[in-house]
A.B. asks: 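The structure under discussion is supplied below as structure tokens; questions concerning it will follow.
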Amino acid sequence: MSETKILLSENELPTRWYNIASDLPFSLDPPLGPDGKPIGPEALRPIFPQEIIRQEVSTERFIEIPQEVLEVYSLWRPTPMYRARRLEALLKTPARIYYKYEGVSPAGSHKPNTAVAQAYYNKQEGVRKIATETGAGQWGSALAFACNLFGLECTVYMVRVSYEQKPYRRIMMETWGAEVLPSPTSRTGAGKKMLAQDSDCPGSLGIAISEAVEDAATHTDVNYSLGSVLNHVLLHQTVIGLEAKRQFELAGDYPDIIVGCVGGGSNFAGYAFPFISDKLKGAREFRAIAVEPTACPTLTKGIYTYDFGDAVGLTPLLKMYTLGSSFVPPKIHAGGLRYHGDAPLLCGLIKEGWIEAVAYRQTEVFDAALVFARSEGIIPAPEPAHAIKCVIDEAIRCREEGKEKVIGFILSGHGHFDLSAYEAYLSGRLEDYELPDEKIRDALAALPRF
Ligand SMILES: *Cc1c(COP(=O)(O)O)cnc(C)c1O
């Protein structure tokens, strides 16, 4: 009988990230510039450090994690993997369920895994400050934490409605020394333009991105940083799956089903890609399931095509499943899953049939979150509660079919800053959003064409 908590010692912390680009049995379409022609890495020079750009286009199989980054990782890594024995007992399932828990990081999610690496490379290349955007504040807090450790300044353009309605993440960022501004601001051209149209503008993620990118592009000692979607972000997150593989070895198991939630794809990829590596080589067979909300069904209802990464059309065009960059998803509580597109690496693997995707409604996701909190104890963030819903469904299927499968999932963060969502659920005020197909059709009609 394996243990409940599967821990690695500090000297088992992986020293290299895994780059799945080296193992793909197909090629991915390159990012395109505004003229529809492929862009080279040099186009990213004004906003990213050289090493990040190198990693973005690298096809090396493993990339060394710098010593300074490992030292910071060791503050909370390796993270624990748990056998969900109480959940298994509650569901009366013969399945063995394991979860890798990233909520033990100082910011409470997986996001510091890339924030720390990005802050380090920026510091190495003499950058003074990193500018970024944040919606609910998860990415902003991870970056604020990382910048603080490496002595970098950090400016976070926070969507104004969130800034006003969700003060705790803002206070967290300020505690780590970041400057947090309600976006739109009068500091950038993009912000001034919005304020001129509407002095009471509530802001949006698209506007906040424009402000952060402009801040970086117009100052030589300021860079920009992104918390999901891009190849280098997924690369940094593979530290999760590399640890988890070792932990499965210690448990004497290997997953038959791997599950994670998808916003831009970084926690799912970070956990799953080191396992998918075995699948690509033909060494193992298992199902990998990416879970998203029905309110923002990028993978299940979007189309695979070129689209902008942001709402304004500033970024290069990426080949991905998208609902259209003009798509504004309903305000579900899993704020981290409200992105119109997804990571090109993940989308390519889904397109080629290596990974499946499913979507769930908000209320059934919170039903699952409560089952988990009341059996395993940890209160999950609304984002990974989507993965939990899928895991519970699969575990029940195992019971019905009498199959003893091994299910692994990633619990990407805790829900301590999402208690107002739990309050809405507990008081019966949580709503479902089944997106009408014509709304998706309208947003897709506005896609850029080539
Ligand atoms: C940001 C976030 C997500 C979604 O982003 P991915 O890039 O898809 O991982 C999921 N869970 C948590 C806890 C987050 O903070």
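Model, not experiment: these values are computed from the prediction. Whatever order the structure lists ligands and atoms in, that order sets their numbers, starting from 1.
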A.B. asks: Starting from atom 4 (C) of ligand 1, which protein heavy atom do you reach first, and at what distance in Å?
C.D. replies: G336 O, 3.4 Å

A.B. asks: At their closest point, which heavy atom of P293 faces which heavy atom of H386, and how far apart are they?
C.D. replies: CB-NE2, 3.5 Å

A.B. asks: Considering the heavy atoms of E383, write down every atom of ligand 1 situated less than 4.0 Å from one of them.
C.D. replies: 10 (C), 11 (N)

A.B. asks: Check each atom of ligand 1 against the heavy atoms of N267 and keep those under 4.0 Å away; list them by number with element.
C.D. replies: 6 (P), 8 (O), 9 (O), 10 (C)

A.B. asks: Got S412 and H110 here, is their nearest side-chain heavy-atom distance under 4.5 Å?
C.D. replies: yes

A.B. asks: Anything under 30° is parallel, anything over 60° is perpendicular, the rest tilted; go ahead and classify Y321 against Y304.
C.D. replies: tilted

A.B. asks: What atoms of ligand 1 come closer than 4.0 angstrom to any heavy atom of G413?
C.D. replies: 13 (C)

A.B. asks: Considering only the protein, which heavy-atom contact is closest to atom 7 (O) of ligand 1, and what is its distance?
C.D. replies: S228 OG, 2.5 Å

A.B. asks: Quick check: G264 and ligand 1, any N/O pair under 3.5 Å apart?
C.D. replies: yes

A.B. asks: Have a look at ligand 1 and work out which part of V262, if any, has a heavy atom under 4.0 Å from it: side chain, backbone, both or neither.
C.D. replies: backbone

A.B. asks: Which protein non-hydrogen atom lies closest to atom 11 (N) of ligand 1, naming both residue and atom, and how far is it?
C.D. replies: S412 OG, 2.8 Å

A.B. asks: Measuring from T132:OG1 to M173:CE, what's the distance to the nearest 0.5 Å?
C.D. replies: 10.0 Å

A.B. asks: Out of curiosity, Y18 OH to I63 CD1, how far, rounded to the nearest 0.5 Å?
C.D. replies: 12.0 Å

A.B. asks: Could you tell me whether ligand 1 has any atom less than 4.0 Å away from a heavy atom of E102?
C.D. replies: no

A.B. asks: Quick check: does any side chain N or O of E376 sit under 3.5 Å from a backbone N or O of L87, one acting as donor and the other as acceptor?
C.D. replies: yes

A.B. asks: Below 3.5 Å, N or O to N or O, backbone or side chain included: is there any such pair between L337 and ligand 1?
C.D. replies: no

A.B. asks: Main chain of P330, side chain of R338: is a donor-acceptor contact present, judged purely on distance under 3.5 Å?
C.D. replies: yes

A.B. asks: When the ring planes of Y224 and F48 are compared, do they come out parallel, tilted or perpendicular, using 30° and 60° as the limits?
C.D. replies: tilted

A.B. asks: May I ask you to identify the nearest protein heavy atom to atom 14 (C) of ligand 1, giving residue, atom name and distance to one decimal place in Å?
C.D. replies: K111 NZ, 2.8 Å

